[in-house]
Structures are given as structure tokens and as C-alpha cells.
Visitor: 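So that we are looking at the same thing, I have put the structure below in C-alpha cells.
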Amino acid sequence: MSSRRRPFTLIISAAIEAAEGFAGLVFGLFVGWETVVGKPLDLASAIGVAVLALLGGLGMLAVARGLLRMQRWSRSPAVVTQLFALFVAWNLIQSEQPGYGVPLAAGAVIALVALLSAPTTKALFTEDPTDPKDSTDPKDSTGETGPP
């Protein structure tokens with residue numbers, strides 16, 4: 001990891017992404033457990049939901065880790081997952097489950113604002129002059145672009 005400071009907005013967005021990822025894992029484990037010990041109406045669908053929730057939760061935790069490590073690639077999937085969270089929150093609210101939908105919507109909005117804020121953008125997309133891996137200059141130190 002580079003010597004750049006991690007802004008508070010990046011920490012907040014990573015924390016929300018991690019919380020949602022953890023919730024996805026818990027939901028996947030719950031559905032998986034209920035599939036094994038219960039009597040699902042459709043076994044294939046129950047297994048599919050459990051696997052997708054587990055994979056989604058793991059993916060969101062990986063994105064949260066990428067945000068904490070200030071890796072550029074992590075912002076796009078974090079924005080996408082927050083947009084999906086808004087969609088899910090809206091459906092939860094419409095299906096008379098505001099206890100789940102409102103907190104999810106609030107978290108998604110906070111995460112989106114933090115992800116798209118100037119401090120986060122600067123932290124993720126400003127090159128660190130002390131880190132040689134951050135250089136996007138195709139020329140090496142001699143000024144040549146490739147092997148002779």
C-alpha cells in the first residue's frame with residue numbers, strides 16, 4: 001500500500017460496502033441452512049439464491065478491501081453495488097418492509113456520496129510519486145518507450 005492518506009469518505013464507503021457484503025454472506029448462509037434442514041418449495045431456486053448471496057457477499061467484501069487499500073478498480077463495482085442496493089431498498093419499501101428498505105437506502109446514498117466525493121476521487125486517482133507502480137508514463141527513465 002502506498003504512503004497516501006486514506007480519506008474519511010473512503011473509509012465510510014468501505015465500511016458500508018463491507019457491512020452489505022457481510023449481510024449478503026449471512027443471508028446466503030441462512031438460505032443455505034434453511035435449504036438443508038427445511039423443505040424448500042423449489043430446491044434448485046433455493047440453492048441458486050444461497051450460492052448467489054454467498055458469492056455476492058464475498059465479492060462485496062473484496063471490493064471493500066480494495067477500497068481500503070485505495071485500489072482504483074474498486075470504485076466502479078462499489079458504485080454498481082450501491083445502485084443495486086437502492087433498487088433493492090425501493091422494492092423493500094414498496095413491499096411494506098421499510099424497516100429493511102429505509103436503512104439500506106440511507107446506507108446506499110451515503111456510500112454513493114462518499115464514493116463520488118472529491119477526497120475519494122483524489123485518493124484513488126492521484127498518482128503517488130513515491131510508488132513506482134502508480135506511474136502511467138509508458139516511457140522508462142531513459143525516455144525510450146520500449147525495447148530496441
Side-chain angles (χ1 to χ4, degrees), residues 1-140:
M1 187 164 87
S2 68
S3 62
R4 294 178 288 169
R5 289 192 48 120
R6 186 179 302 119
F8 184 68
T9 55
L10 195 55
I11 294 168
I12 288 295
S13 57
I16 293 171
E17 186 80 15
E20 292 169 349
F22 182 72
L25 281 178
V26 169
F27 179 70
L29 290 172
F30 172 75
V31 172
W33 176 255
E34 288 295 313
T35 300
V36 171
V37 299
K39 297 178 182 169
L41 294 175
D42 184 4
L43 181 62
S45 293
I47 291 170
V49 167
V51 169
L52 285 175
L54 290 170
L55 290 175
L58 288 173
M60 292 173 75
L61 289 173
V63 169
R65 182 172 184 248
L67 288 171
L68 283 177
R69 296 180 74 188
M70 296 193 314
Q71 295 175 330
R72 293 177 182 176
W73 65 265
S74 61
R75 186 161 85 162
S76 293
V79 168
V80 169
T81 57
Q82 298 314 313
L83 293 174
F84 278 122
L86 284 174
F87 175 75
V88 170
W90 176 257
N91 283 306
L92 286 169
I93 293 167
Q94 292 296 311
S95 63
E96 298 179 6
Q97 296 185 32
Y100 296 114
V102 171
L104 180 59
V109 168
I110 292 168
L112 279 170
V113 169
L115 282 165
L116 300 174
S117 69
T120 299
T121 301
K122 184 177 180 183
L124 293 176
F125 295 100
T126 301
E127 293 182 13
D128 184 1
T130 63
D131 188 359
K133 292 188 284 186
D134 273 353
S135 177
T136 57
D137 186 11
K139 297 182 180 181
D140 62 9

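Position 1 is the first residue of the sequence; numbering continues from there.
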Visitor: Taking all atoms of both residues into account, what is the closest heavy-atom pair of Thr35 and Pro40, and its distance?
Guide: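 Residues Thr35 and Pro40, closest heavy atoms: O-CD, 3.8 Å.
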Visitor: Counting only heavy atoms from other residues, nucleotides and ligands, does the tally under 6.0 Å from CH2 of Trp90 exceed 12?
Guide: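 Count not over threshold, so no.
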Visitor: In Å and rounded to the nearest 0.5 Å, what is the CH2 to CG distance from Trp73 to Leu124?
Guide: 11.0 Å
Visitor: Identify the heavy atoms of Ala89 and Gly101 that sit nearest to each other, and give their distance.
Guide: CB-O, 3.3 Å
Visitor: How long is the gap from CZ on Arg5 to CE on Met70, to the nearest 0.5 Å?
Guide: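 Spacing of CZ (Arg5) from CE (Met70) equals 10.0 Å.
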Visitor: Report the residues that fulfil side chain to side chain contact (heavy atoms under 4.5 Å, CB included) with Val80, sequence neighbours left out, ordered by chain and then residue number.
Guide: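 If we apply the side chain to side chain contact (heavy atoms under 4.5 Å, CB included) test to Val80, skipping adjacent residues, the hits are Phe84.
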Visitor: Can you name the nearest heavy-atom pair linking Pro103 to Pro98, along with the distance?
Guide: CD-O, 3.5 Å
Visitor: Verify the distance criterion only: is there a donor paired with an acceptor across the side chains of Arg75 and Thr121 at less than 3.5 Å?
Guide: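 Distance-only check passes for Arg75 and Thr121.
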Visitor: For Leu86 versus Ala105, what's the shortest heavy-atom pair and its separation?
Guide: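 That would be CD2-O, 3.9 Å.
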Visitor: Could you tell me whether a side-chain N or O of Ser95 sits under 3.5 Å from a main-chain N or O of Leu92, the two making a donor and an acceptor?
Guide: yes
Visitor: Please examine the side chains of Thr120 and Leu67, heavy atoms only from C-beta on, and report whether any two atoms are closer than 4.5 Å.
Guide: no
Visitor: CG of Leu115 to CD1 of Ile12: how many Å apart, nearest 0.5 Å?
Guide: 11.0 Å
Visitor: Side-chain donor-acceptor contacts of residues 13-33 below 3.5 Å, not counting sequence neighbours, with atom names and distances?
Guide:
{"from": "Ser13", "atom 1": "OG", "to": "Thr9", "atom 2": "O", "distance (Å)": "3.1"}
{"from": "Ser13", "atom 1": "OG", "to": "Leu10", "atom 2": "O", "distance (Å)": "3.0"}
{"from": "Glu17", "atom 1": "OE1", "to": "Thr81", "atom 2": "OG1", "distance (Å)": "2.9"}
{"from": "Glu17", "atom 1": "OE1", "to": "Gln82", "atom 2": "NE2", "distance (Å)": "2.8"}
{"from": "Glu17", "atom 1": "OE2", "to": "Thr81", "atom 2": "OG1", "distance (Å)": "2.9"}
{"from": "Glu20", "atom 1": "OE1", "to": "Gln82", "atom 2": "NE2", "distance (Å)": "2.7"}

Visitor: Just wondering, more than 12 heavy atoms not from Gln94 lying within 6.0 Å of its CD?
Guide: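 Above 12, so yes.
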